[in-house]
Amino acid sequence: SQQGEEDPQALSIQEGENATMNCSYKTSINNLQWYRQNSGRGLVHLILIRSNEREKHSGRLRVTLDTSKKSSSLLITASRAADTASYFCATVTSGGSYIPTFGRGTSLIVHP
Amino acid sequence: EAGVTQFPSHSVIEKGQTVTLRCDPISGHDNLYWYRRVMGKEIKFLLHFVKESKQDESGMPNNRFLAERTGGTYSTLKVQPAELEDSGVYFCASSQDLRTETQYFGPGTRLLVL
């Protein structure tokens, strides 16, 4: 069964607004990672949050993790046109393989 | 430091033909991974090399797919014969060791089977 599921599938906002994407998963995790993919490019690792962490920041990115609800959110504040990309969450399960399991991604469009 | 590179960037072939994708990981990275994304679906793990050995190939769809990493440097993924459902983007990633957790991805090869 699929692990990470991002929501929404697509998001369209204006420059300067905040963008929030959610990820739900099914099994216990060791960590959860968020990646970005710009059109025609590879995935770029954004942030990793461990199962014992609740919130993490990196620049304009804020990630939260709620292990009781098996969900995570990625907030991009003051979005820019350059943030237009697909965003994926990936989970690494507890006690298992180190291989991350990806979801389908959220497609974000930021209009200038 | 050069990133992960993949070749070709795009490939259009007919059903039944053979295609070979190549991945050059970051120098010194023992771990190399192949993933595939079919249009609109999730990115799926295919297999994992540690140096030249296949550590985990549980994601390989069937025996039409053959991955190699001779010498523990670059890797190839051959699809023979290609079917329509093989179309998608094939990503390669590498990491220094499993404890590093962060994988570095290449730009992908976009494969279209007609």
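All values below come from the heavy atoms of this structure, side chains included, with hydrogens, waters and symmetry mates left out. A, B, ... follow the sequence lines: proteins, then strands. Residue 1 opens every chain.
- In this structure, chain B has no heavy atom under 4.5 Å from any part of Gln9(A).
- The contact between Asn30(A) and chain B is made entirely by side chain atoms (from C-beta outward), counting heavy-atom distances below 4.5 Å.
- Around atom NZ of Lys44(B), no more than 12 heavy atoms belonging to other residues, nucleotides or ligands sit under 6.0 Å away.
- Identified under the disulfide bond (SG atoms under 2.5 Å apart) test for residues 43-84 of chain B, with sequence neighbours left out: none.
- Counting non-hydrogen atoms of neighbouring residues, nucleotides and ligands closer than 6.0 angstrom, the CZ atom of Arg41(A) reaches no more than 12 such neighbours.
- Within a 6.0 Å radius of NZ in Lys56(A), other residues, nucleotides and ligands contribute more than 12 heavy atoms.
- Most heavy-atom pairs under 4.5 Å with chain A: of the set Ser9(B), Gly106(B), Ala93(B), this distinction falls to Gly106(B).
- Note: Asn31(B) CG to Ile99(A) CD1 = 8.0 Å, rounded to the nearest 0.5 Å.
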Quiz item: Could you go step by step and tell me if Arg37(B) and Phe88(A) meet the side chain to side chain contact (heavy atoms under 4.5 Å, CB included) rule?
Solution: CA-CA 12 Å; Arg37(B) 187 185 190 204; Phe88(A) 295 87; 3.6 Å; yes

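- Looking at heavy atoms from C-beta onward, Gln37(A) lies in side-chain contact with Phe91(B) at the 4.5 angstrom threshold.
- Within a 6.0 Å sphere centred on NZ of Lys54(B), heavy atoms belonging to other residues, nucleotides or ligands number more than 12.
- Annotation: Arg64(B), atom CZ; neighbour count of heavy atoms from other residues, nucleotides and ligands within 6.0 Å is above 12.
- Nearest heavy atom pair, residue His45(A) against residue Gln103(B), reads CB-O, 4.5 Å.
- At a threshold of 4.5 Å between non-hydrogen side-chain atoms, the residues Pro100(A) and Tyr35(B) count as touching.
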